[in-house]
Amino acid sequence: HLPLSVLISLLTATAVYLLSGSRISLAYPISHGISHREFKVYCQPIINSVDGRCIGVETLMRWKNRRQEWVSPDVFIPLAEQHGLIIGLTRYLIKTVTDNLSVFPATSGFYVSINVAAQHFNNMEIVDDIRKIWLPAQPSVSLMLELTERTRLQELRAAEISQLKEMGILLAIDDFGTGHSSLSYLKTLNPDVLKIDQAFTASIGTDAINATVTDTIITLAQRLNLKLIAEGVETREQVDYLRKRKVDSLQGYYFARPMPIEVFPIWLARYEKS
Ligand code: C2E
Ligand code: CA
Ligand code: CA
Ligand code: CA
């Protein structure tokens with residue numbers, strides 16, 4: 001008979017082996033997917049709450065793997081981050097957006113927002129990528145980078161932030177209110193925009209405590225003169241509430257779901273007519 005403690009450690013070792021094995025087997029398809037163009041760039045419109053015009057888009061990655069299954073970004077983005085593949089994936093996204101600039105209106109102030117992982121800020125890599133890929137295309141639209149509060153402060157050096165600002169890049173804090181270092185982070189990053197996490201938008205009219213937090217975030221942003229984008233806007237009630245509180249911009253299924261980048265101009269033409 002095996003003692004129970006030995007049995008437990010054997011079981012644990014097997015579990016760890018299986019888990020790490022499956023991680024490795026998922027990392028390979030990501031690199032394969034990048035080289036075989038399995039990743040697609042989607043866009044979701046961002047709407048000015050005052051005049052209802054589309055003033056920008058957020059890009060979101062989609063992946064249909066070689067077995068033709070859709071893999072959620074909530075699965076492949078963390079994996080790509082763990083395996084050092086997120087920089088390559090984001091670089092591919094920046095290239096794709098740069099190759100498709102003609103889908104965006106040339107109206108001044110229109111922006112394209114991309115999600116950037118913490119690692120991409122190491123060794124100035126994101127600054128270099130923007131300089132090498134984005135700037136040479138001389139885009140008429142602006143670029144916005146979305147960082148979450150999970151991005152470690154030490155990785156964000158003042159030098160990089162000031163270089164990005166000099167290049168005219170806008171900075172947004174994503175999922176604002178869900179992290180833990182919000183206020184010190186605000187000071188370091190000096191962002192242009194705060195994105196209110198969809199959990200707070202969802203609380204409007206349903207959850208008094210979170211709705212209070214939502215109001216507090218709105219007040220904070222307005223006192224600091226920061227623009228606000230509310231995410232996950234799904235209902236007319238949320239639109240009315242956010243408009244009344246002068247939240248600048250709205251994003252969510254109420255207006256449009258994320259769509260393939262090449263579909264965006266078709267959506268926009270129809271939206272502007274209505
Ligand atoms: P996120 O940056 O917070 O993106 C917003 C998510 O909310 C997207 O999910 C979007 O499809 C979804 N969404 C938009 N409007 C609504 C709405 O009205 N209701 C609801 N329930 N959801 C809405 P998605 O595309 O599945 O992406 C999930 C997360 O994966 C993103 O969250 C982001 O953190 C990450 N992600 C996606 N694409 C990229 C990428 O290219 N690079 C990086 N680093 N992360 C990405
Ligand atoms: Ca985002
Ligand atoms: Ca978000
Ligand atoms: Ca999110």
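First listed ligand is number 1; within each ligand, the first listed atom is number 1.
- Looking at ligand 1, you'll find an N or O of Gln44 within less than 3.5 Å of one of its N or O atoms.
- Put simply, the angle at the Ca ion (ligand 2) from OE2 in Glu58 to OD1 in Asn115 is close to 90°, to the nearest 10°.
- Using modelled atom types and a 3.5 Å distance limit, the side chains of His120 and Asp129 yield a donor-acceptor pair.
- A donor-acceptor pair shorter than 3.5 Å can be found between the side chains of Gln251 and Glu58.
- Looking at Asp174 against ligand 1, only its side chain comes within 4.0 Å, counting heavy atoms.
- Residue Asp240 forms a side chain to side chain contact (heavy atoms under 4.5 Å, CB included) with just one option from Lys244, Gln238, Arg236, and that option is Arg236.
- Residue Glu69 places its CD atom among more than 12 non-hydrogen atoms of other residues, nucleotides or ligands, all under 6.0 Å distant.
- In this structure, Arg62 counts as a contact residue of ligand 1, since one of its heavy atoms falls inside 4.0 Å of the ligand.
- In terms of polar-atom proximity, defined here as any N/O pair under 3.5 Å, Asn115 does make such a contact with ligand 1.
- Heavy-atom distances between Thr90 and ligand 1 stay at or above 4.0 Å for every pair.
- Residue Arg53 places its CZ atom among 12 or fewer non-hydrogen atoms of other residues, nucleotides or ligands, all under 6.0 Å distant.
- Of all atoms in ligand 1, listed by their number and element, those nearer than 4.0 Å to a heavy atom of Pro73 are 24 (P), 25 (O), 26 (O), 27 (O), 30 (O), 37 (C).
- Interface of Leu93 with ligand 1, defined as ligand atoms under 4.0 Å from a residue heavy atom, comprises 41 (O).
- A 4.5 Å side-chain heavy-atom check between Pro45 and Met259 finds at least one atom pair inside the cut-off.
- With a cut-off of 3.0 Å, the Ca ion (ligand 2) has no N, O or S atom of Glu231 in range.
- Which parts of ligand 1 touch Gly252 is read off a 4.0 Å heavy-atom cut-off, strictly below it: atoms 15 (N), 18 (O).
- Heavy-atom proximity to atom 13 (N) of ligand 1, evaluated over Trp63, Phe76, Tyr253, Phe39, is greatest for Tyr253.
- The distance criterion of under 3.5 Å between nitrogen or oxygen atoms is not met by Tyr254 with respect to ligand 1.
- Judged purely by distance below 3.5 Å, without hydrogens or angles, the side chains of Asp175 and Gln198 never pair a donor atom with an acceptor atom.
- We find the CD-CH2 distance between Glu38 and Trp63 to be 6.5 Å, quoted to the nearest 0.5 Å.
- Annotation: cation-pi geometry not satisfied between Arg37 and Phe39 (NZ/CZ under 6.0 angstrom from ring centroid, within 45° of ring axis).
- Judged purely by distance below 3.5 Å, without hydrogens or angles, the side chains of Asp192 and Tyr111 never pair a donor atom with an acceptor atom.
- Comparing Thr178, Leu250, Asp175, Val116 against atom 3 (O) of ligand 1, the shortest heavy-atom distance belongs to Asp175.
- To the nearest 0.5 angstrom, Leu145 atom CG is 8.5 Å from Leu170 atom CG.
- Using 4.0 Å as the threshold, Glu58 has a heavy atom nearer than that to some atom of ligand 1.
- Between Met61 and ligand 1, a contact under 3.5 Å exists for at least one N or O pair.
- Residue Ser72 places every heavy atom at 4.0 Å or more from ligand 1.
- Residue Asp197: no N/O/S atom is found under 3.0 Å from the Ca ion (ligand 3).
- If you put the vertex on the Ca ion (ligand 2), OD2 of Asp174 and OE1 of Glu146 sit 90° apart, to the nearest 10°.
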key: Worked check of side chain to side chain donor-acceptor pair (under 3.5 Å) between Arg131 and Gln163   = CA-CA 10 Å; Arg131 203 168 269 140; Gln163 287 208 27; 2.9 Å; yes
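- Closest heavy-atom approach to atom 19 (N) of ligand 1 among the candidates Glu234, Glu231, Glu146: Glu234.
- Annotation for ligand 1: atoms under 4.0 Å from non-hydrogen atoms of Pro258 are 11 (O).
- Between atom 45 (N) of ligand 1 and the options Ile77, Asp197, Asp74, the minimum heavy-atom separation is to Ile77.
- The shortest N/O to N/O separation between Gln198 and ligand 1 falls below 3.5 Å.
- A 6.0 Å sphere centred on NZ of Lys165 holds more than 12 heavy atoms belonging to other residues, nucleotides or ligands.
- In summary, an N, O or S atom of Asp175 is located under 3.0 Å from the Ca ion (ligand 3).
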task = Run the numbers on Glu146 and Ser113 for side chain to side chain donor-acceptor pair (under 3.5 Å), then give the verdict.
result = CA-CA 7 Å; Glu146 297 189 11; Ser113 193; 2.8 Å; yes
